[in-house]
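Each remark here refers to the structure printed beneath this line.
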Amino acid sequence: MKTVVVGLSGGVDSSIAAYLLKKQGYNVIGLFMKNWHDDTVTISNECPWLDDSNDAMLVAEKLEIPFQTIDLSVEYKSRIVDYMFEEYKCGRTPNPDILCNKEIKFDIFLNTAIKLGADYIATGHYCRKSLKKSDDDKDEIYSLFSGVDNNKDQSYFLCQLSQYQLSKTLFPIGELHKSEVRKIASKLDLVTAKKKDSQGLCFIGKVSLPDFLQQKLQAKPGKIIEIDKDYEGY
């Protein structure tokens, strides 16, 4: 029996990912990533990590799978938050969600899962992957595709994953629409069935970005450049 460590975020998508994998016969372990716990920067209580952790634990109990929590807040700050500050300081607009997937979920989290004896990790991303052989049949090549639900497709946020990372990852809900995911969760009476989707920075929650950035960066005047809509040079 293959073992899969599912990143249980406390949301409905990862909940159903875990359920589907168990139904398919995998040995499923739920692992919650505690990556941020500084509530001073949030502007609402919609995504507090403590509530998310509790919901993830309740889902694991309901599905009768083992559950653990791992604290990656130090790594998240050094790899993601510090990067954000540096990029904005240089006048560039970063994409922390893409980097978070590359550096946290599919790097540190993946390595942690492997150490726990996992064959794969799984997430609640709405995307799909396929496998094909190279022309000489020596290599296996993984391709990433959009999820069936065009309104929830998240393949863009996984665009920097390596072949190794893709080979070790399963995306159980990629063939489903969000409405189907919620329907399954309701039938299972999961606490996450009607939970709102998280919004904001990956793992931080709903924040005022200017207030967040001004913790370290001072506001300064800049140029406003207007581009002629008829310009065809780009």
Same cluster (ILVMFWY, side-chain, under 4.5 Å), [X] and [Y]:
| X | Y | value |
| --- | --- | --- |
| I80 | F157 | no |
| V81 | V74 | no |
| F109 | Y164 | yes |
| Y26 | I184 | yes |
| Y156 | L166 | no |

Within the distance-only criterion (no hydrogens, no angle test), does the side chain of [X] pair as donor or acceptor with the backbone N or O of [Y] below 3.5 angstrom?
| X | Y | answer |
| --- | --- | --- |
| E86 | Y83 | no |
| N27 | M1 | no |
| D153 | D149 | no |
| R182 | A193 | yes |
| T169 | A122 | no |
| R128 | S146 | yes |
| Q165 | S162 | yes |

Exercise. Quick one: do K77 and D82 satisfy side-chain contact (heavy atoms from CB on, under 4.5 Å)? Show the steps, please.
Key: CA-CA 6 Å; K77 181 183 181 302; D82 289 349; 3.1 Å; yes

Practice problem: Could you walk me through whether S167 and E140 pass the side-chain contact (heavy atoms from CB on, under 4.5 Å) test, one step at a time? | Solution: CA-CA 9 Å; S167 73; E140 294 182 335; over 6 Å; no

Is any side-chain N of the basic residue among [X] and [Y] closer than 4.0 Å to the acidic one's carboxylate O?
| X | Y | answer |
| --- | --- | --- |
| K168 | D119 | no |
| K152 | D13 | no |
| K195 | D52 | yes |
| D107 | K102 | no |

Any side-chain heavy atom of [X] sitting closer than 4.5 Å to one from [Y]?
| X | Y | result |
| --- | --- | --- |
| V12 | V181 | yes |
| L116 | Q68 | yes |
| I16 | L188 | yes |
| F145 | S155 | no |
| K105 | L110 | no |
| L170 | L21 | yes |
| I65 | K22 | yes |
| V59 | K62 | no |

Exercise. For the pair F171 and F106, name the ring-plane relationship: parallel under 30°, tilted 30 to 60°, perpendicular over 60°.
Key: tilted

Quiz item: Stepwise, does the side-chain contact (heavy atoms from CB on, under 4.5 Å) test hold for T3 with Y120?
Solution: CA-CA 7 Å; T3 296; Y120 304 101; over 6 Å; no

Quiz item: Please walk me through it: do H125 and T123 pass side-chain hydrogen bond (donor to acceptor under 3.5 Å, both in side chains)?
Solution: CA-CA 6 Å; H125 284 96; T123 66; 2.7 Å; yes

[X] to [Y] - nearest heavy-atom pair and separation:
| X | Y | answer |
| --- | --- | --- |
| P172 | L20 | O-CD1, 3.6 Å |
| C127 | L144 | SG-CD1, 4.1 Å |
| I173 | G124 | CD1-O, 3.1 Å |
| F67 | S53 | CZ-O, 3.9 Å |
| D55 | G10 | CB-O, 3.9 Å |
| V5 | A118 | CG2-CB, 3.6 Å |

Quiz prompt | I29 and V6: CA distance, side-chain angles, deciding distance, side-chain contact (heavy atoms from CB on, under 4.5 Å) verdict | solution = CA-CA 6 Å; I29 299 172; V6 179; over 6 Å; no

Quiz prompt | CA sep, side-chain torsions, deciding dist, call: S9, S14, side-chain hydrogen bond (donor to acceptor under 3.5 Å, both in side chains) | solution = CA-CA 6 Å; S9 66; S14 60; 3.3 Å; yes

